[in-house]
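Input: a single structure, listed below in structure tokens.
Quick note: numbers below take in every heavy atom, side chains included, and nothing from hydrogens, waters or symmetry partners.
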Amino acid sequence: MTLMASCQQEQSHSPETDQLTVGFRAGGEVTRTVIGDNGLSAAWESGDKMAVWARNSSDDYTLSRTVFGIYGAGDATGVFTATLDAPMPEDRYLYMASYPVPKNVQGTIASFDLPSEQDGRVSGGSDIMIADPVMHGPLTKIPDPDDHSSLRLRMNHILHHLRFYVPANVDLEGELIRDIFVTMPRQIVGTVNADLADPDAPASLVDGSNSVMIELSKPIASSADAARDYACMSMFTDGSSYGADDYMQLTAYSKSYKFGMNPISLSDRDFLPGHSTPVRLIPVSKEKYFRVVMAMGLNNIGETVRKISIVNGGSEVYSYQNDEGKYSNIKIFEEFLGEAGESGYHAICNAVTSGSAKLVFETDHAIVEKNLRSSDIVIDDNVARLELGEVPYLIYENFNNALDSEHNDSYSAGTSSDTNLGGYLLDEFMPVAGWNASRYKIIGGDAIRINCRYQSGAWVVGRYCGRLDTPAMSYLKPGVSVSVKLEYDNAFYVPAGMSYDDSQSDMAFYILGTHEKPMGSAMDGYNYNDIQSNVNVRYFSPQRRSEDISKMSHISHVIDGVNRNTRFVFFACTARNTSHIAANSVYYLYLDNIQASIAQ
């Protein structure tokens, strides 16, 4: 059997004359992706996508994680279509499918993200369904998506739904419930693994959490049995019963109030997959609250952020300890109660809106400080949302915002500048200070190149190597030494037609080194023979000839012994070292997407 590859990408289809659109029906009354107001009826929603596999009689996959999109929405039965590059050969196929599209697949085990933040409608992929595998012929072309092949897939829910409601006699102070925070004694969200070939096989949960924040896309009011107003949540369950000491903890929020609830006993409850359980919200306490929701994006620095702080005027206004060890895309719900809480809430809001506050990310080996802008925060009375952005690389430069600049970049022969090695600070041309170069050209918005000039008389050979120096790794803490992962794209261009034409000879190469020279002074390039005595050489590249610079190679190194003063330096070089009368050539090293992070 040919197994499905892990981390498969969605198939893309280039325009061909034999393309065809195929489709199938999925679901019925038991299938749903968006829960209705009554907490039971539901429909597919616009934008829903399913992944489909079709295994032929030779155990090979004709369709593998092929994405089908919904055609129309609003019914429990959905028509899904995709455009294939070519017709499926005549055969009998075993069809398997899932909703939503899994993030990766190993064999027939699909992995899905079940989020800890939901919207009360189990929409946007918060539900997970696996189709009953079915044998069927090839999917055929459909003249209209309303007309479809006879393939119909029955979907099986592998999650349990909780349906929250507020009884009619409960006083919510005239407000609607907007958020519900749920904590269970077991992990209920995370990465769910399910078998596409056997929907009845128990699913599993890894990297899980026992808490869910439901931010209701449609707030709910107190309601009577005849017209119940529900908010729903998807949760993982293995179907086993809870014990006598197990309780569900609930907190609900209106615009102004935090409502406390008595713990709900879960004794002997099993929460079976594919079922739902109603849960009453009956407040036993209420209190005015204030909240700051902070969102951190991708973490590029290479290790877990342990602490996030907001500092204003040298004083720490707020700090968050990442005790759970979350790595990227951290969302913080910070709650403030009472007069002291209100003061803390306004301290954060005022600091950020002042435009003078700083955000500090701290890891085991690095501290990153960045300015907070007043536009980073949105304040709605007692709730503020603060965008913290991404944690940056130790260094990163893609030259998208660099400005044109060049010195000693010409490859014409006979000019006095051909062998100049003068260095230049690039601060006025680069978005981040600290770069240095010699014999260089910045192609603004694109890349940078440095060059090596080969020049020879009757007996003397000169190899004049341009350089590019990065800023220091100043985010690293004082006194620490770490291994750093350095990545970049590169290519060589060697012009043809020079008095010594090396464009088709494997003579171009570069040297990567490190040093700790300060950033405030320009540094010159070197004659090749002087490089190794002035920098710590870390890498000699293979020798190459002229290349297509539109197809750069991506290179990655792990460099040991890096501290906050370390700078990386590239030298363009040539292996041409024999003398020729009145001979010269030039070798251009193009560099782009230079980034460094702490290696794990």
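Side-chain atoms of Glu387 do not come within 3.5 Å of backbone N or O of Ile377 as any donor-acceptor pair. Checked by atom type and distance alone, the side chain of Asp198 never pairs as donor or acceptor with a backbone atom of Asp195 at under 3.5 Å. A donor-acceptor pair under 3.5 Å is absent between the side-chain atoms of Asn371 and the main chain of Ser356, judged by distance alone. Not a single donor-acceptor pair under 3.5 Å links the side chain of Asp113 to the backbone N or O of Pro115. No donor-acceptor pair under 3.5 Å is formed between the side chain of Gln595 and the backbone N or O of Tyr393. The main-chain N or O of Tyr93 is never found under 3.5 Å from a side-chain atom of Asp91 such that the two would form a donor-acceptor pair. In this structure, Asn156 contributes its side chain and Ile130 its backbone to a donor-acceptor pair below 3.5 Å. Although no hydrogens or angles enter the test, the distance criterion places no donor-acceptor pair under 3.5 Å between the side chain of Ser58 and the main chain of Asp60. Although no hydrogens or angles enter the test, the distance criterion places a donor-acceptor pair under 3.5 Å between the side chain of Asn56 and the main chain of Asp59. Without hydrogens or angle criteria, Ser597 side chain to Gly302 main chain gives no donor-acceptor distance under 3.5 Å.
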* Residues Phe290, Phe336; criterion ring pair (Phe, Tyr, Trp, His ring centres under 6.0 Å); working and verdict -> CA-CA 5 Å; Phe290 300 83; Phe336 303 87; 8.0 Å; no

* To do: Verify ring pair (Phe, Tyr, Trp, His ring centres under 6.0 Å) between Phe68 and Phe24, making sure each step is shown before the conclusion.
  => CA-CA 9 Å; Phe68 283 68; Phe24 62 88; 5.1 Å; yes

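Judged by the 6.0 Å distance and 45° axis criteria, Lys103 is not positioned over the aromatic ring of Phe112. Remark: Arg163 qualifies as a cation-pi partner of Tyr230 under the 6.0 Å distance and 45° angle criteria applied to the six-membered ring. In this structure, Arg291 fails the cation-pi test against Phe333, since its NZ or CZ atom is not both closer than 6.0 Å to the six-membered ring centre and inside 45 degrees of the ring normal.
Minimum interatomic distance between Tyr95 and Ala54 (heavy atoms only, all atoms of both residues): CE2-CB, 3.7 Å.
For the residue pair Asn300 and Glu390, a side-chain donor N or O sits within less than 3.5 Å of a side-chain acceptor on the partner. Checking Tyr320 against Glu334 by side-chain atom types alone, no donor-acceptor pair falls below 3.5 Å.
Each of Met233, Gln249, Met213 was checked for a side chain to side chain contact (heavy atoms under 4.5 Å, CB included) with Val182, and the lone residue meeting it is Met233.
His157 and His161 have perpendicular rings, their planes meeting at more than 60° on a 0 to 90° scale where under 30° would count as parallel.
The distance from atom OG of Ser254 to atom CD of Glu173, rounded to the nearest 0.5 Å, is 8.0 Å.
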